[in-house]
Amino acid sequence: MKITVKNSGVIKLTTKKHPRHGHLFVAEAARHIPFLIRRIYFINNIKKYSCRRGNHAHKKLKQAMFCLNGSFVLSLDDGRKKQKLILKNPETGVILGPRLWHSMSKFSKHCVILVLASNYYKESDYIRDYNDFLEITKRK
Ligand code: TYD
């Protein structure tokens with residue numbers, strides 16, 4: 001997976017795969033995840049596979065997103081470049097840094113998304129308007 005947009009990156013977890021006993025994935029703060037984790041959240045039970053989630057950027061928040069089961073398309077936009085990634089391997093996560101517009105779509109059955117975040121939930125850190133986002137990225 002190659003990331004071409006700004007304020008993003010790939011995270012590879014340590015994995016221990018056993019052919020019959022299952023796969024173990026490890027993410028350690030600072031070692032795999034390049035920020036201190038203050039919050040985790042996960043998304044499951046998506047019934048409308050064609051829906052779109054996300055559709056926002058953050059001012060300061062850093063996040064790491066993983067697909068634990070199934071697959072989805074992660075669309076990234078740094079204000080200049082856009083990129084679409086298919087997330088389907090739990091071993092490979094994507095960093096969602098500040099000022100990176102992101103949305104999740106094309107969910108498979110039983111898709112489970114895990115997000116590690118650098119701070120608590122704060123609505124004032126969200127940029128939910130795409131034109132505001134473009135203005136902010138122009139200034140930076
Ligand atoms: P939102 O981040 O907009 O969802 P997504 O980007 O996954 O589509 O969050 C959906 C709702 O949940 C919104 O009302 C805010 C709330 N929320 C919290 O209260 N705490 C959280 O940690 C998150 C991620 C969302």
Side-chain angles (χ1 to χ4, degrees):
M1 186 185 283
K2 195 172 180 300
I3 307 268
T4 54
V5 292
K6 281 199 299 189
N7 300 349
S8 185
V10 174
I11 297 176
K12 279 275 175 200
L13 298 184
T14 299
T15 64
K16 303 279 171 184
K17 292 188 177 175
H18 188 285
R20 292 177 306 280
H21 301 177
H23 298 174
L24 172 73
F25 301 91
V26 183
E28 291 184 317
R31 294 187 176 153
H32 300 88
I33 310 299
F35 51 80
L36 282 179
I37 300 156
R38 285 216 174 84
R39 172 169 56 113
I40 73 161
Y41 59 91
F42 48 89
I43 299 167
N44 71 357
N45 215 21
I46 300 165
K47 301 258 165 64
K48 189 179 173 190
Y49 306 134
S50 64
C51 80
R52 182 171 284 266
R53 298 199 60 128
N55 251 341
H56 62 253
H58 286 279
K59 294 173 188 165
K60 295 216 168 119
L61 190 72
K62 295 172 191 156
Q63 303 189 96
M65 181 170 276
F66 295 89
C67 183
L68 301 193
N69 197 60
S71 66
F72 66 95
V73 171
L74 176 63
S75 304
L76 303 176
D77 176 350
D78 65 14
R80 298 182 76 148
K81 269 195 184 144
K82 295 183 187 194
Q83 179 173 22
K84 278 187 198 298
L85 301 164
I86 299 170
L87 262 69
K88 60 178 177 193
N89 180 357
E91 189 176 342
T92 309
V94 174
I95 296 280
L96 305 173
R99 301 178 305 282
L100 183 64
W101 191 267
H102 55 277
S103 64
M104 298 86 87
S105 62
K106 296 191 166 58
F107 301 99
S108 74
K109 201 173 175 183
H110 304 311
C111 176
V112 180
I113 302 172
L114 172 71
V115 183
L116 314 178
S118 66
N119 217 336
Y120 304 116
Y121 169 74
K122 197 164 99 182
E123 187 56 39
S124 63
D125 188 70
Y126 279 72
I127 309 163
R128 292 198 184 270
D129 182 280
Y130 189 69
N131 288 325
D132 291 349
F133 165 73
L134 288 180
E135 271 306 307
I136 289 166
T137 52
K138 253 191 254 163
R139 272 189 255 134
K140 279 282 162 182

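Ligands are counted one by one from 1 in listed order, and the atoms in each one are counted from 1 as well. Residues: numbered from 1 along the sequence shown.
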Atom pairs and distances, side-chain donor-acceptor, residues 112-119, under 3.5 Å, sequence neighbours left out:
| from | atom 1 | to | atom 2 | distance (Å) |
| --- | --- | --- | --- | --- |
| Ser118 | OG | Lys62 | N | 3.0 |
| Ser118 | OG | Lys62 | O | 3.4 |

At what distance, to the nearest 0.5 angstrom, does CG of Asp132 lie from NZ of Lys59?
-> 8.5 Å
Indicate every side-chain donor-acceptor pair of residues 4-13 with a distance under 3.5 Å to a residue at least two apart or in another chain.
| from | atom 1 | to | atom 2 | distance (Å) |
| --- | --- | --- | --- | --- |
| Thr4 | OG1 | Gln83 | OE1 | 3.2 |
| Asn7 | ND2 | Pro98 | O | 2.8 |
| Ser8 | OG | Ile95 | O | 2.8 |
| Lys12 | NZ | Thr92 | OG1 | 2.9 |

Test item: His18 side-chain N/O and His21 main-chain N/O as donor-acceptor pair under 3.5 Å | yes
Residues at least two apart in sequence or cross-chain that pass side-chain hydrogen bond (donor to acceptor under 3.5 Å, both in side chains) with Arg53, listed by chain then number, are none
Sub-4.0 Å heavy-atom environment of ligand 1, residues by chain | Arg39, Tyr41, Ile43, Arg53, Gly54, His56, Tyr121, Tyr126, Arg128
Arg99 and Thr137 side chains, donor-acceptor separation under 3.5 Å = no
